Each structure stands twice: as C-alpha cells, then as structure tokens.
Amino acid sequence: QTCALPIYIAFTLWRIHCDLPSADGYGLAYFRFDTRLSGLTIGALLAYIFNANQEKMSSLDLNFLAPVSLFVLAVCIWRLSPGAHGAMSYGLIATELATLLLIFIAMSGQKGWVYWLLANRPMAFIGRMSYGLYLWHYPIFHYMWDHYRWYVTLPIGSSIALALAVISYYTVERFARQRFHTGRHIQPAPLTA
C-alpha cells in the first residue's frame with residue numbers, strides 16, 4: 001500500500017517521458033505495455049485499500065463528486081483525440097483519476113445515481129466484455145477517425161466493437177476458459193444491484 005502511490009507516480013512519469021515531443025513519441029506511449037502500468041497500479045491500490053478498510057470506505061458518500069468525474073471524462077473525450085498533444089500525459093492522468101473516483105463510488109454501495117448507473121446487470125455484462133472491447137475498439141476506431149466525425153465514430157464504433165467482443169467472448173474466450181480451467185466453464189458471479 002505504501003509503495004503503490006510512488007510506483008503510480010513513477011509509471012506516470014515514465015509514460016510522460018515516452019510521450020515527450022519527438023517523431024514517434026505518441027506511438028511509443030500509446031502502444032507499449034509499460035506505458036499503461038499506471039492505471040493498473042492505481043486500480044490495484046484502490047482494490048487493496050477498499051478491501052482492507054471496507055467498512056470505513058463504504059461509509060464515504062462521494063456521489064456529489066461524480067459530476068466532476070463525468071465532466072473531466074467528457075472533456076478528455078472531446079478534446080484529446082488520438083495523437084493529440086497531451087493525450088498520453090495529462091489527458092491519461094485525468095482519465096485515470098476520474099475513472100478511479102467513479103469506480104470507488106460504485107464500490108462503496110452508496111445508493112446514489114452512480115451506483116445505480118454502474119452496479120447493474122447490463123453494466124456488469126459490459127464489464128465482462130471489457131477485454132474484448134479493449135482489443136476490438138482500436139482497429140475500428142483507427143479506421144473511423146479518418147473517415148467520420150467523433151459523434152458518428154463513438155456510437156457506431158462502440159456498437160461494432162461490442163458486437164465483436166460478445167462474439168469473441170462466447171467463442172474464443174469461452175474455449176480458452178474451458179480449456180484452462182480443468183475443462184469446466186466457470187460462470188462469473190453476477191453483479192447484483
């Protein structure tokens with residue numbers, strides 16, 4: 001717990017260093033796995049702190065900060081297109097922290113609108129599809145950014161990515177789960193609101 005924050009800062013500084021203005025700075029920061037470790041680290045820190053202090057953390061009602069998080073995410077989506085200056089430095093920091101706050105609010109179980117928005121069956125389903133969404137969104141969005149405006153790219157690209165994620169989840173990923181879990185399909189526990 002004590003070293004996770006310095007590690008998050010170190011990973012963030014490393015990504016910013018890789019994104020410094022150069023011919024291939026954005027490509028280095030965007031595509032390499034080691035420049036994405038900051039989000040994993042801060043997410044793991046949240047999980048550890050929350051599980052270690054669940055009663056205390058669940059008593060915190062931060063629903064009033066949710067609009068701030070959503071505003072930050074909206075500005076990042078609107079202003080920081082792929083390749084934009086600052087997208088992989090301050091843009092990703094803002095995105096990580098705003099997302100972390102929303103996840104914390106949902107985890108705390110406070111019955112506000114964020115909890116009802118994120119802790120329900122459809123969102124749990126999208127969470128199970130998240131790895132496929134992560135894999136499929138890039139080639140789709142990479143093509144669409146060059147041909148369509150963002151307000152077309154976002155809904156249509158997201159729908160195509162979700163459809164492909166569902167297909168891969170119930171075919172390739174299902175086969176892998178069955179193969180590597182002693183031949184049994186392990187159904188994820190449903191998230192109840």
Side-chain angles (χ1 to χ4, degrees), residues 1-17 19 29-30 35-134 137-138 141 150-151 153-155 157-159 161-162 165 188-193:
Q1 177 180 351
T2 55
C3 64
L5 187 59
I7 290 173
Y8 170 75
I9 293 169
F11 286 148
T12 300
L13 292 174
W14 173 246
R15 184 182 65 250
I16 292 170
H17 169 75
D19 188 43
Y30 188 88
T35 57
R36 301 305 186 108
L37 294 173
S38 58
L40 294 171
T41 304
I42 201 165
L45 177 62
L46 173 64
Y48 176 81
I49 292 173
F50 194 90
N51 287 331
N53 308 283
Q54 191 161 2
E55 186 174 328
K56 182 178 178 182
M57 302 300 257
S58 296
S59 67
L60 294 174
D61 186 359
L62 300 178
N63 275 290
F64 68 97
L65 290 175
V68 176
S69 289
L70 292 174
F71 176 76
V72 168
L73 291 172
V75 169
C76 289
I77 292 168
W78 173 46
R79 299 298 299 163
L80 298 173
S81 61
H85 177 68
M88 294 303 293
S89 54
Y90 61 83
L92 199 52
I93 294 169
T95 301
E96 288 172 345
L97 296 178
T99 303
L100 188 77
L101 179 58
L102 288 176
I103 292 170
F104 174 79
I105 293 169
M107 286 174 60
S108 69
Q110 297 289 336
K111 304 297 184 185
W113 63 272
V114 174
Y115 177 82
W116 295 114
L117 180 67
L118 297 178
N120 57 61
R121 289 183 184 276
M123 291 305 289
F125 175 77
I126 290 174
R128 285 196 295 274
M129 300 301 115
S130 61
Y131 182 68
L133 281 168
Y134 169 73
H137 90 280
Y138 181 77
F141 277 65
W150 71 268
Y151 50 80
T153 300
L154 187 60
S158 299
S159 299
L162 180 59
L191 180 62
T192 56

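Computed over heavy atoms, backbone and side chain alike; hydrogens, waters and symmetry mates excluded. Just so it is clear, the model here is predicted, and its values are computed rather than measured.
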Point to revise | T41 side chain reached by T12 side chain, heavy atoms, under 4.5 Å | key: no

**Study point:** CA sep, side-chain torsions, deciding dist, call: L97, I42, side-chain contact (heavy atoms from CB on, under 4.5 Å)
**Key:** CA-CA 9 Å; L97 296 178; I42 201 165; 3.5 Å; yes

Point to revise | Contact list for residues 87-110, test salt bridge (charged side-chain N to carboxylate O under 4.0 Å, His left out), sequence neighbours left out | key: R15-E96

Review point. Does atom OH of Y134 have more than 12 heavy-atom neighbours, drawn from other residues, nucleotides or ligands, at distances under 6.0 Å?
Key: no

Practice item. Please name all residues satisfying side chain to side chain donor-acceptor pair (under 3.5 Å) with Y131, sequence neighbours left out, ordered by chain then number. Key: none

Check your understanding: For W14, which residues count as a ring-ring contact (aromatic ring centres under 6.0 Å, His included) partner, sequence neighbours excluded?
Key -> H17

Check your understanding: Please walk me through it: do I93 and I16 pass side-chain contact (heavy atoms from CB on, under 4.5 Å)?
Key -> CA-CA 10 Å; I93 294 169; I16 292 170; 4.1 Å; yes

Exercise for review: Provide the full list of salt bridge (charged side-chain N to carboxylate O under 4.0 Å, His left out) pairs with a residue in residues 84-93, sequence neighbours left out, each pair given once.
Suggested key: none

Side-chain atoms of residues 64-79: list all donor-acceptor pairs with protein atoms under 3.5 Å, sequence neighbours left out, distances to 0.1 Å.
from	atom 1	to	atom 2	distance (Å)
S69	OG	A98	O	3.3

Practice item. Rounded to the nearest 0.5 Å, what's the gap from CG on N63 to CH2 on W116? Could you check? Key: 11.5 Å

Revision key, fill the gap. So salt bridge (charged side-chain N to carboxylate O under 4.0 Å, His left out) across residues 40-53, not counting sequence neighbours, yields none

Check your understanding: Taking atom CG of L162 and atom NE2 of H137, what is their separation to the nearest 0.5 Å?
Key -> 13.5 Å

Practice item. List the steps, then state whether side-chain contact (heavy atoms from CB on, under 4.5 Å) holds for I105 with L101. Key: CA-CA 6 Å; I105 293 169; L101 179 58; 4.0 Å; yes

Exercise for review: Go through the structure and list residues passing side chain to side chain contact (heavy atoms under 4.5 Å, CB included) with F125, not counting sequence neighbours.
Suggested key: R128, M129, V166, Y170

Study note, to complete from the structure: Hits for side chain to side chain contact (heavy atoms under 4.5 Å, CB included) against S158, two or more places apart or cross-chain, chain-then-number order -> F141, L154

Practice item. Please identify each residue that fulfils side chain to side chain contact (heavy atoms under 4.5 Å, CB included) with L37, with sequence neighbours left out. Key: F11, D34, L40

Review point. Does W150 CH2 have over 12 foreign heavy atoms under 6.0 Å away?
Key: no

Review point. With sequence neighbours excluded, what pairs up with Y8 under the ring-ring contact (aromatic ring centres under 6.0 Å, His included) test?
Key: none

Study note, to complete from the structure: Heavy-atom nearest pair, M107 first then L46, reads SD-CD2, 4.1 Å

